There are 4 protein chains.
Amino acid sequence: MTPIVSEEYKQKKRQEILQSAHVCFAEKGFEASTVDDIVARSKLSKGAIYNYFKSKDEIYLALMEGQTNDSGSKFAKAIAERETSLEKLNYLIEAYLDNDPNDEENIGHAIVHYEFRLYSTRNPKLKDMLTKRYRDFFVSLLTGIIKEGQAAGEFNKELDPETYADIFWAIVNGATLQATILEDYHYKHILREMQSIFLEKLSSK
Amino acid sequence: MTPIVSEEYKQKKRQEILQSAHVCFAEKGFEASTVDDIVARSKLSKGAIYNYFKSKDEIYLALMEGQTNDSGSKFAKAIAERETSLEKLNYLIEAYLDNDPNDEENIGHAIVHYEFRLYSTRNPKLKDMLTKRYRDFFVSLLTGIIKEGQAAGEFNKELDPETYADIFWAIVNGATLQATILEDYHYKHILREMQSIFLEKLSSK
Amino acid sequence: MTPIVSEEYKQKKRQEILQSAHVCFAEKGFEASTVDDIVARSKLSKGAIYNYFKSKDEIYLALMEGQTNDSGSKFAKAIAERETSLEKLNYLIEAYLDNDPNDEENIGHAIVHYEFRLYSTRNPKLKDMLTKRYRDFFVSLLTGIIKEGQAAGEFNKELDPETYADIFWAIVNGATLQATILEDYHYKHILREMQSIFLEKLSSK
Amino acid sequence: MTPIVSEEYKQKKRQEILQSAHVCFAEKGFEASTVDDIVARSKLSKGAIYNYFKSKDEIYLALMEGQTNDSGSKFAKAIAERETSLEKLNYLIEAYLDNDPNDEENIGHAIVHYEFRLYSTRNPKLKDMLTKRYRDFFVSLLTGIIKEGQAAGEFNKELDPETYADIFWAIVNGATLQATILEDYHYKHILREMQSIFLEKLSSK
DNA sequence: TATGAATGAGGTTTCATTCAT
DNA sequence: TATGAATGAAACCTCATTCAT
């Protein structure tokens with residue numbers, strides 16, 4: 001039984017479905033989106049979709065898995081290429097500044113992302129997994145940078161790197177969330193100001 | 001002729017329903033919660049619930065309305081009683097520190113609150129209304145305090161009060177959100193550190 | 001246990017309920033009318049209505065019973081007072097001409113009446129009862145008049161009185177039904193023309 | 001890509017549903033018939049029915065639309081084939097004589113038809129539409145025949161064709177209604193007698 | 001693999017009737 | 001008797017999933 005279609009073909013279809021689903025979830029939320037909505041957006045039939053995913057839940061999970069993976073690997077490399085810790089931090093902030101949820105394109109992502117995080121709250125395993133990923137990747141990334149900066153004399157050695165890693169992400173998430181749920185939020189302006197406060201503190205004596 | 005039950009009785013019933021609904025929404029989310037879930041939580045029958053609310057949606061909205069109102073009025077008075085701007089700010093932070101979403105009791109509120117804000121994102125009128133409330137009450141409250149502090153020489157006069165009001169709420173929301181979606185988040189520790197950064201900046205020469 | 005309120009009082013209340021119900025049934029039909037609709041129209045409470053009628057069905061039946069009774073006794077006396085058969089027939093037609101369903105006031109009655117007749121179709125006992133009433137009263141009334149007219153030489157003796165009684169009522173009902181279900185129906189004009197055809201035939205040689 | 005079932009297949013299913021619904025409506029009336037009743041009558045599932053019709057109301061409307069269309073087109077052609085106006089009129093009557101509501105088969109149609117007409121009374125748009133159809137088709141058909149007969153010298157030229165068209169349909173509907181709501185009604189006998197009166201008048205000098 | 005018609009459990013809502021006051 | 005809040009069976013409709021083709 002050799003597969004009739006290539007693995008690539010199948011991966012492409014999967015991605016198409018995930019993208020259609022993402023648009024639906026952004027527009028109406030996970031539960032309010034029906035499989036028929038997803039079918040209507042994609043160019044596939046309902047039966048076809050169930051060839052690629054066992055259930056609507058699985059589409060959601062696959063989508064979130066992809067999203068989480070993406071946001072990670074996007075950074076890792078870019079960070080490694082910057083020289084100083086300051087440059088690395090600034091790069092990160094810059095990346096989020098480009099992510100302004102006031103832009104049509106990004107708001108859907110943000111909504112779906114936060115909804116998924118809230119949803120994960122009710123699934124202990126998922127919550128654990130996402131917490132682990134937060135610590136192992138996002139916090140780890142930041143503590144790495146901060147420690148490097150402290151070693152290089154750029155940053156205040158007395159500050160606890162883990163705490164400031166958490167603060168960094170709280171700031172970014174706080175600004176993004178506000179921009180997502182509020183109308184005409186001055187996302188960039190506020191994020192920049194927060195950046196300057198954060199860096200000032202980190203660089204203090 | 002005369003009403004058979006008092007107005008208070010009816011208000012009490014409404015509140016009972018809202019509370020039962022709140023528990024359900026916190027546990028399973030709005031859409032995943034069924035009216036039967038709410039019925040099971042409350043001691044009422046399905047029909048009785050529809051005597052007090054026209055639909056499940058209306059229960060949700062009433063619940064959120066109440067929540068938003070509460071969180072507002074809770075502060076206004078307390079703030080007015082403090083003397084200096086610093087005390088006022090500290091009081092606010094203190095209130096949020098008591099709100100640690102790691103506590104069983106608070107996490108439900110937080111989840112439902114954020115889910116509602118995300119949900120409002122798809123309802124322009126609602127989004128506008130909540131944005132307005134954010135500006136008219138929450139931002140206004142903070143700019144008031146900051147300006148007062150600037151006038152009194154407590155705070156740096158060159159900082160834009162509005163921007164720092166937005167920053168304040170971004171910080172609080174960022175920390176709360178992280179605590180809500182992450183396991184074992186050091187909410188209090190992080191929020192306190194952010195407080196000190198924020199106040200340091202505000203008080204800077 | 002002497003009754004607290006007089007029998008008259010109770011009869012008056014019953015009539016009030018029946019009238020309210022009639023308006024509702026005319027507006028929305030029997031099944032689409034809710035007990036709450038009837039409550040809203042009447043000045044009574046829901047509980048009170050159930051003191052006077054065991055069920056919504058019973059209200060309907062009582063209403064129809066009343067209607068059927070009314071339409072009968074209204075005629076009987078008036079007929080007896082006319083002299084010739086022609087006068088009697090003309091009186092009857094005249095009564096129906098006044099009943100123009102294009103008038104706001106009458107259309108409700110007509111709708112409810114025909115709906116009830118159609119409804120009775122599914123209840124053999126009711127259908128029998130109403131058929132009996134039709135024959136014993138309405139047909140009988142007409143055959144009486146026609147026979148009288150034949151005896152008096154006014155009407156053609158060769159026509160079968162029963163058949164012409166049936167025709168008379170078919171004509172009246174046909175015109176009334178059309179006026180009920182059609183917009184801007186020339187009820188009076190058509191009924192008058194039918195009257196002239198009918199009488200012409202009856203009086204023929 | 002290619003539809004999995006033919007358009008005919010789907011039309012056949014639609015018809016099956018409509019027929020099942022018709023039986024139910026005839027037996028219990030529109031409002032008293034539940035979707036489950038229709039499901040039980042048809043061999044389909046509830047969901048399947050909602051694939052073909054958006055709501056119970058729509059089934060009703062589709063059914064009535066079909067009924068009205070049928071009764072129209074049935075005649076148009078047959079009429080055109082007859083020679084004289086008298087033949088045409090007689091053909092029409094003959095068709096209604098075959099429609100005796102005393103026959104099990106026809107009474108259901110009659111009940112549902114009249115109930116629908118009464119129902120349409122509460123829906124101004126529907127009432128207008130049906131009135132228009134009555135005038136544009138049924139009245140028009142008759143006035144055409146009568147004028148033709150007048151032109152050919154068959155019918156009395158002084159009678160108003162429109163009035164006599166209305167009378168014709170009032171007679172047919174009157175007899176049909178009586179046969180529908182009464183037990184053992186001599187439908188054919190009465191309709192024939194009415195036919196002879198009508199034609200006699202029309203042909204009068 | 002692909003299609004979309006079919007399934008039916010389960011959701012929301014209505015409303016006739018009851019009953020404590 | 002009168003009130004109207006409470007009840008819960010039963011109605012309509014949705015939609016994730018299956019399956020014959």
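All values below come from the heavy atoms of this structure, side chains included, with hydrogens, waters and symmetry mates left out. Within every chain, numbering begins at 1; the chains are lettered A, B, ... in the order of the sequence lines, protein sequences first and strands thereafter. Just so it is clear, the structure is predicted and the values come from calculations on it, not from any experiment.
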Check side chain to side chain contact (heavy atoms under 4.5 Å, CB included) between A:I107 and all other residues, then give those that pass, not counting sequence neighbours.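 Here the qualifying residues are A:I111, A:T180, B:K127.
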Could you list by number each residue of residues 42-52 of chain D showing a heavy-atom separation from DNA chain E of less than 4.0 Å, or answer none if no residue does?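 Of all residues in residues 42-52 of chain D, the ones placing a heavy atom under 4.0 Å from DNA chain E are D:L44, D:S45, D:K46, D:G47, D:A48, D:N51, D:Y52.
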With side chain to side chain contact (heavy atoms under 4.5 Å, CB included) as the test, pick out the partner of B:I17 among B:L63, B:N51, B:L44.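 Among B:L63, B:N51, B:L44, the one that satisfies the side chain to side chain contact (heavy atoms under 4.5 Å, CB included) with B:I17 is B:L44.
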Short side-chain N/O contact to E:dA16 OP1/OP2 from C:K54, under 4.0 Å: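 No, no such contact exists.
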Short side-chain N/O contact from D:Y9 to OP1 or OP2 of E:dA6, under 4.0 Å: yes
Applying side-chain hydrogen bond (donor to acceptor under 3.5 Å, both in side chains), name anything that partners C:H22, two or more places apart in sequence or on another chain.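 Applying side-chain hydrogen bond (donor to acceptor under 3.5 Å, both in side chains) to C:H22 gives C:Q67.
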First of B:E31 and C:K56 reached from the 5' end of DNA chain E, by closest nucleotide: B:E31
Would you say the side chains of D:K13 and D:Y9 form a donor-acceptor pair under 3.5 Å?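 D:K13 vs D:Y9: donor-acceptor pair found between side chains.
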Would you mind listing every salt bridge (charged side-chain N to carboxylate O under 4.0 Å, His left out) that reaches into residues 14-33 of chain C, with sequence neighbours excluded? C:E27-C:R41, C:K28-C:D37
Tell me, which stems hold DNA chain F, with a stem being 3 or more Watson-Crick or G-U pairs in a row and both distances under 3.5 Å?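 So far as stems of 3 or more pairs are concerned, DNA chain F shows E:2-21 with F:2-21.
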Any salt bridge between A:R122 and B:E115, counting N to O under 4.0 Å?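 Salt bridge present between A:R122 and B:E115.
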For DNA chain F, determine which residues of residues 14-27 of chain B have any heavy atom closer than 4.0 angstrom to one of its atoms, and list them numerically. none
